[in-house]
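The next block holds one structure in the form of structure tokens; read it before the comments.
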Amino acid sequence: MIAVTSQCSFRELAKLVGNTPLLALELLFRGQRRRLFAKAENFNFTGSIKDRMALHIMRKAYETGSLKPGAPIAEATSGNTGISFAALGHAMGHPVTIFMPDWMSQERKDLIRCFGAEVRLVSVQEGGFLGSIRLSEEWAARTLGGFLPCQFSNEANAEAHFTTTGPEIWAQLKILGLRPDAFVAGVGTGGTVMGVGRFLKQRNPAVKIHPVEPDNSPILRTGYKVGKHRIQGISDEFIPAIVKLDQLDEIIAVDDGDAIIMSQKLAKLGLGVGISSGANFIAALKAQEKLGKDAVVVTVFSDDNKKYLSTDLMKEEPVKAGFLSTEIELLGFNVANRICEMCQPDSTPAGFRR
Ligand SMILES: Cc1ncc(COP(=O)(O)O)c(C=O)c1O
């Protein structure tokens with residue numbers, strides 16, 4: 001008989017987070033045959049890469065005693081992190097409060113609520129994203145035993161990718177007889193690009209690690225909030241504390257319209273991914289342009305497209321001069337299998353084994 005408990009354990013939830021498929025996408029770019037790799041992070045428990053970080057931060061917090069069973073959790077987030085903490089937190093028996101800017105997509109707000117979390121929307125007048133962080137800190141100060149993951153400054157965020165996403169990419173390419181030449185990822189908290197980057201640089205110091213940001217809102221390049229963009233999940237309003245630009249290679253900029261058209265093209269291939277995935281794909285191609293057409297460039301498809309049904313992703317996007325998406329013809333994709341739990345390579349770090 002299967003034992004049924006009222007709450008899920010880390011061990012059980014870990015089986016549903018990470019170890020995602022690696023896609024090898026075949027394409028023609030300006031008539032030239034190319035291949036780019038992307039981790040299909042939409043296969044995670046709640047459909048986004050943020051599950052990796054949320055699970056790891058909660059596990060570390062249990063280990064250090066900063067999160068006690070049943071204690072409330074709150075976080076400031078632009079959406080996917082809120083969905084991850086709402087689902088994983090409630091699965092483990094924690095009440096969850098999410099502070100988020102009120103302009104995020106309706107789907108994100110509804111999903112967080114449907115997992116049982118409380119959503120506190122923060123207007124531009126209240127400070128938008130920075131206001132959400134301030135309000136979450138005030139919540140922590142007045143809530144006894146309350147746990148604040150602090151995804152923008154918590155090193156466990158990048159560690160989640162150092163111990164899972166990075167080793168998975170390395171192992172999945174190794175099975176194909178390949179090594180990555182470059183990794184690119186849009187910067188929200190920067191956890192993905194910093195954690196994967198550190199792992200891959202440790203394995204091969206020559207690998208290029210590029211942070212990606214919207215061309216319409218170049219916060220990494222200017223250091224402050226400038227312009228507006230539609231790539232939800234990246235480039236919030238500031239440079240997060242865990243982002244160390246001096247440990248990374250050049251920033252790659254992608255126009256949000258180009259990212260939208262790219263995501264729409266990926267959907268036509270059956271890959272229903274979000275806008276930041278389109279941006280990452282364009283950025284991967286830009287990185288390959290610098291390194292040569294046969295360079296092994298890897299990125300992540302951070303989430304699926306279902307959270308964007310009410311956004312411009314579902315509308316016709318005007319083409320602007322300089323877009324790369326219109327010069328890409330997607331031909332198809334192969335899938336590098338997930339790593340078999342029973343046959344992981346010895347070189348995989350202990351943190352990756354479940
Ligand atoms: C859709 C989407 N893409 C990309 C990112 C960026 O990931 P990271 O926070 O690891 O930089 C996020 C983060 O929330 C996201 O929600």
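Whatever order the structure lists them in is the order used to number ligands and atoms, beginning at 1.
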Practice task
Just let me know how T192 lines up against ligand 1, side chain, backbone, both or neither, with a heavy-atom cut-off below 4.0 Å.
Solution key: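 Both backbone and side chain.
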Pick one of side chain, backbone, both or neither for how I234 approaches ligand 1, counting any non-hydrogen atom pair under 4.0 Å.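 The side chain, only.
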Under 3.5 Å between some N or O of ligand 1 and some N or O of [X]?
X	value
N157	no
V187	no
S276	yes
R108	no
K50	yes

Would [X] and [Y] count as having a side-chain donor-acceptor pair, cut-off 3.5 Å?
X	Y	answer
S310	Q106	no
K39	T20	yes
N42	K306	no

Side chain of H210, backbone of A283: donor and acceptor closer than 3.5 Å?
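It does not hold such a pair.
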### Message
Using a 3.5 Å distance criterion without hydrogens, assess whether the side chain of S277 forms a donor-acceptor pair with backbone atoms of S302.
### Response
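Answer holds: yes.
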Self-check item: Per-atom contacts of ligand 1 with D303, taking only distances under 4.0 Å to non-hydrogen atoms
Solution: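 The list of qualifying atoms is 1 (C).
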Checklist entry - Under 4.0 Å from any heavy atom of G186, which atoms of ligand 1 are there? => result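 Those of ligand 1 that fall under 4.0 Å from G186 are 6 (C), 11 (O).
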Among protein heavy atoms, which lies nearest atom 16 (O) of ligand 1, and at what distance?
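That would be N80 ND2, 2.8 Å.
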| atom 8 (P) of ligand 1: nearest protein contact (heavy atom, Å) |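 Looking at atom 8 (P) of ligand 1, the protein heavy atom closest to it is T189 OG1, 3.4 Å.
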- Could you grab the distance from atom CG of L285 to atom CD1 of I252, nearest 0.5 Å is fine?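 One gets 9.5 Å once the value is rounded to the nearest 0.5 Å.
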Query raised in the report: Roughly how far apart are T97 OG1 and E75 CD, rounded to 0.5 Å?
Result: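 Rounded to the nearest 0.5 Å, the OG1-CD separation comes to 11.5 Å.
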Among the heavy atoms of [X], does any lie under 4.0 Å from an atom of ligand 1?
X	value
F301	no
Q151	no
S48	no
G79	no

Please state which option from G188, G233, A185 has its nearest heavy atom closest to atom 12 (C) of ligand 1.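 Looking at heavy atoms only, G233 sits closest to atom 12 (C) of ligand 1.
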Original post:
Would you call R52-E168 a salt bridge at under 4.0 Å N-O?
Top reply: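 Looking at E168 together with R52, the answer is yes, because their closest N to O distance falls below 4.0 Å.
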Self-check item: Greater than 12 external heavy atoms within 6.0 Å of K290's NZ
Solution: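 No.
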>> Which label fits F152 and F129: parallel for a plane angle under 30°, tilted from 30 to 60°, or perpendicular past 60°?
In response: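 Perpendicular.
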